[in-house]
Trainee: 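Sharing a structure with you now.
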Amino acid sequence: MQVLITKRPRGTEDILPGEVEVWQFIEKTARDLCREYGYGEIRTPVFEHTELFHRGVGDTTDIVEKEMYDFEDKGGRSITLRPEGTAPVVRAYLENKLYTKSQPVKLYYIGPMFRYGRPQAGRLRQFHQFGIEVFGSKDPAVDAEVISLAANFYKRLGIKSFDVQINSIGCSACRPLLKEKLHEYLYSYQKDLCKTCLGRLDRNPLRIFDCKSQVCQKIMASAPKPLDFLCQECREHFDKVRNYLDVLEVTYSVNPRLVRGLDYYTNTAFEFFAEGIGAQNSIGGGGRYDNLVETCGGPPTPGIGFGLGLERTLLSMKRQKVEIPLDKTPDIFVAVPGGENNDLMVKEAVRILALLRKKGFSADKDYMQRSLKAQMKYADKKGFKYAVIIGQEEIDRGFVLLRNMESGEQREVPTAEIASKIKMLIEGEKING
RNA sequence: GUGGAUGUAGCUCAGCUGGUUAGAGCACCAGAUUGUGGCUCUGGGGGUCGUGGGUUCGAGUCCCAUCAUCCACCCCA
């Protein structure tokens with residue numbers, strides 16, 4: 001059991017230097033985009049009262065039924081590590097009375113989510129989502145904005161191949177009729193449905209559209225579709241969303257079988273797909289939730305948002321071999337030969353190192369008592385652009401040696417001019433490519 | 001929660017039907033006449049063979065359990 005302290009919990013990941021830069025790139029892309037679109041960041045706790053998710057996500061969802069990371073705290077409260085971002089943001093919207101501010105309220109978040117299940121490709125117990133929520137507006141142009149923001153996110157990350165699918169699942173006025181017709185239709189095929197769908201028949205017949213079983217697919221092919229039962233208002237809303245998407249030049253397809261897993265969705269539903277995530281191919285999704293705020297005890301407030309899986313985004317970037325423009329190589333390594341007067345030289349090295357860093361260079365020195373040769377080898381492996389070599393001879397004459405690690409070219413530079421000299425060289429390189 | 005595969009050095013793996021001090025490549029460290037990298041050569045450190053039981057004179061090699069990883073299902077991001 002002792003070994004547990006050297007092992008991360010199942011379904012979690014360490015993100016190390018080398019990999020973390022990609023995460024920073026993804027996060028920066030999201031933040032830049034949100035700033036451009038006028039979304040403000042919100043940071044909510046990673047845990048909430050369990051009840052929030054029962055109410056907000058829905059008791060019949062798998063997330064709540066079997067995937068929640070819940071526990072009792074020392075005060076006897078039932079606490080849950082958030083499995084998704086929308087319910088907490090709705091809670092914060094209400095608790096902070098954001099409905100009293102000018103509407104719409106446009107928010108975004110980036111952070112870890114938790115779901116208890118067996119890990120596999122593209123599925124972890126702690127994973128990360130980038131999400132946005134818009135409160136207070138029913139304007140179909142908002143639906144289109146939300147969808148296009150997500151599409152632009154993927155595009156800007158360099159993911160060339162992904163699909164946008166949209167659908168409308170109606171509102172509280174027209175959905176009951178759909179459910180009734182669907183129910184009626186499915187009852188005649190009751191004995192042919194797969195086991196899981198049989199269970200869904202009464203609880204959530206819409207989900208049967210999602211089933212991968214051949215038989216169910218065949219049955220659903222001619223089942224009543226949500227789009228056929230939309231009320232006038234929903235129909236118009238959906239048409240306008242599509243028009244705006246065309247204006248925004250977002251390529252999408254309508255998938256009449258697209259239904260989302262969470263209970264709170266109404267009207268517009270959408271999902272993003274890409275290859276290379278194992279058996280999973282959904283990299284994000286969202287939709288409108290015009291009743292959720294009220295359900296959670298707030299004033300009637302329409303809302304819409306998405307949640308995008310960052311691990312899955314990353315996987316599809318890797319799959320599509322996206323090149324990320326990152327300059328990770330450090331600038332200057334300060335090397336010191338061993339031998340007599342080493343103390344003196346090291347002091348000078350420490351002084352120059354501090355100076356270079358103050359000037360904004362990424363600079364380092366040896367801390368392993370390595371020979372000069374080993375220091376050079378280290379500098380090479382780490383990809384330093386320049387080496388500054390400080391020896392007794394040079395100190396005496398007020399010079400240091402400046403070596404270009406790529407070309408091997410080496411020259412003497414007066415110690416006082418070292419920073420400006422390197423700056424000139426590095427900037428010159430950038431200009432010359 | 002269900003099913004399948006796997007678990008030997010930091011990494012990728014070898015180790016025949018159980019038998020002396022468990023190997024290779026890469027990585028790491030050091031040296032090749034003593035102030036300098038990228039090639040080459042030489043040497044070195046490092047392994048409770050996932051863990052715990054069992055069978056056996058003897059197990060990395062067989063059996064059981066357990067944990068973990070990977071993959072798939074359910075479902076989702």
Trainee: Regarding R82(A) and Y69(A), is there a side-chain donor-to-acceptor distance under 3.5 Å anywhere?
Mentor: no
Trainee: If you look at every strand shown and take non-hydrogen atoms under 4.0 Å, does R370(A) touch a base, only sugar-phosphate, or nothing?
Mentor: sugar-phosphate
Trainee: Please verify the inter-ring angle class for Y93(A) with F135(A); under 30° counts as parallel, over 60° as perpendicular, anything in between as tilted.
Mentor: parallel
Trainee: Regarding R156(A) and E36(A), does a basic nitrogen lie under 4.0 Å from an acidic carboxylate oxygen?
Mentor: yes
Trainee: Atom CZ of R403(A) and atom P of G37(B): how far apart are they, to the nearest Å?
Mentor: 7 Å
Trainee: Are A77(B) and F127(A) stacked, with the base six-membered ring and the side-chain ring centres under 5.5 Å apart and planes under 30°?
Mentor: yes
Trainee: Could you check whether T12(A) and Q126(A), counting side-chain N and O atoms only, form a donor-acceptor pair closer than 3.5 Å?
Mentor: no
Trainee: When all nucleic acid strands are considered with a 4.0 Å heavy-atom cut-off, which category describes A379(A): base, sugar-phosphate, or nothing?
Mentor: nothing
Trainee: Could you give the distance separating U56(B) and U17(B) at their P atoms, to the nearest angstrom?
Mentor: 22 Å
Trainee: Within less than 4.0 Å of OP1 or OP2 of G37(B), is there a side-chain N or O belonging to K382(A)?
Mentor: no
Trainee: In whole angstrom, give the distance that lies between atom CZ of F384(A) and atom P of G38(B).
Mentor: 17 Å
Trainee: Have a look at Q375(A) and say if it touches a base, only the backbone sugar-phosphate, or nothing, with a 4.0 Å heavy-atom cut-off.
Mentor: nothing
Trainee: Just how far, in rounded Å, is P of A68(B) from CG of L124(A)?
Mentor: 15 Å
Trainee: Please determine whether a side-chain nitrogen of the Lys or Arg among R397(A) and E412(A) lies less than 4.0 Å from a carboxylate oxygen of the Asp or Glu.
Mentor: yes
Trainee: Does K66(A) reach a base, just sugar-phosphate, or nothing at all? Heavy atoms under 4.0 Å.
Mentor: base
Trainee: Looking at every strand, decide which applies to G122(A) at a 4.0 Å heavy-atom threshold: base, sugar-phosphate, or nothing.
Mentor: base
Trainee: Could you please name the option among C70(B), C74(B), G35(B) that lies closest to any side-chain atom of P337(A)?
Mentor: G35(B)
Trainee: Please state whether the phosphate of C71(B), meaning OP1 or OP2, lies under 4.0 angstrom from any side-chain nitrogen or oxygen of Q120(A).
Mentor: no
Trainee: What is the nucleic acid contact for E311(A), judged by heavy atoms within less than 4.0 Å: base, sugar-phosphate only, or nothing?
Mentor: nothing
Trainee: Using atom P in both nucleotides, what's the gap between C73(B) and C16(B) to the nearest angstrom?
Mentor: 35 Å
Trainee: Find the distance R118(A):CZ to G4(B):C1' and express it as a whole number of Å.
Mentor: 11 Å
Trainee: Have a look at I63(A) and say if it touches a base, only the backbone sugar-phosphate, or nothing, with a 4.0 Å heavy-atom cut-off.
Mentor: nothing
Trainee: For K381(A) and U36(B), what is the distance between atoms NZ and P respectively, to the nearest whole Å?
Mentor: 17 Å
Trainee: State the pairing partner of G1(B); accept Watson-Crick or G-U wobble contacts with both distances under 3.5 Å, and report none otherwise.
Mentor: C73(B)
Trainee: Tell me: OH of Y116(A) to P of U2(B), nearest whole Å?
Mentor: 11 Å
Trainee: Using the P atom on both, measure C29(B) against G45(B) and round to a whole Å.
Mentor: 16 Å
Trainee: Counting Watson-Crick and G-U wobble pairs only, both distances under 3.5 Å, name the nucleotide matched with G46(B), or none.
Mentor: none
Trainee: Paired with G31(B) by Watson-Crick or G-U wobble geometry, both distances under 3.5 Å: which nucleotide is it?
Mentor: C41(B)
Trainee: U8(B) and U2(B): how far apart are their P atoms, nearest whole angstrom?
Mentor: 25 Å
Trainee: Name the nucleic acid region contacted by G131(A), choosing base, sugar-phosphate or nothing; use a 4.0 angstrom heavy-atom cut-off, strictly under.
Mentor: nothing
Trainee: Does the side chain of Q410(A) pick up a donor-acceptor pair with the side chain of Y386(A) at under 3.5 Å?
Mentor: no
Trainee: Look at the side-chain N and O atoms of R10(A) and state whether any lies under 4.0 Å from the OP1 or OP2 oxygen of U69(B).
Mentor: yes
Trainee: What I want to check is whether the side chains of Y185(A) and S222(A) have a donor and an acceptor closer together than 3.5 Å.
Mentor: yes
Trainee: Within the 4.0 Å heavy-atom criterion, would you say Q410(A) contacts the bases, only the backbone, or no part of the nucleic acid?
Mentor: base
Trainee: Quick one: F53(A) CZ to A77(B) P, roughly how many Å, whole number?
Mentor: 14 Å
Trainee: On a whole-Å scale, what distance lies between the P atoms belonging to A9(B) and U51(B)?
Mentor: 10 Å
Trainee: Give one of base, sugar-phosphate or nothing for E394(A), where a contact means two heavy atoms less than 4.0 Å apart.
Mentor: base
Trainee: With a 3.5 angstrom cut-off on both distances, give the Watson-Crick or G-U wobble partner of G7(B), or none if there isn't one.
Mentor: C67(B)
Trainee: Please report the distance, rounded to the nearest Å, between CZ in R125(A) and C1' in C70(B).
Mentor: 14 Å
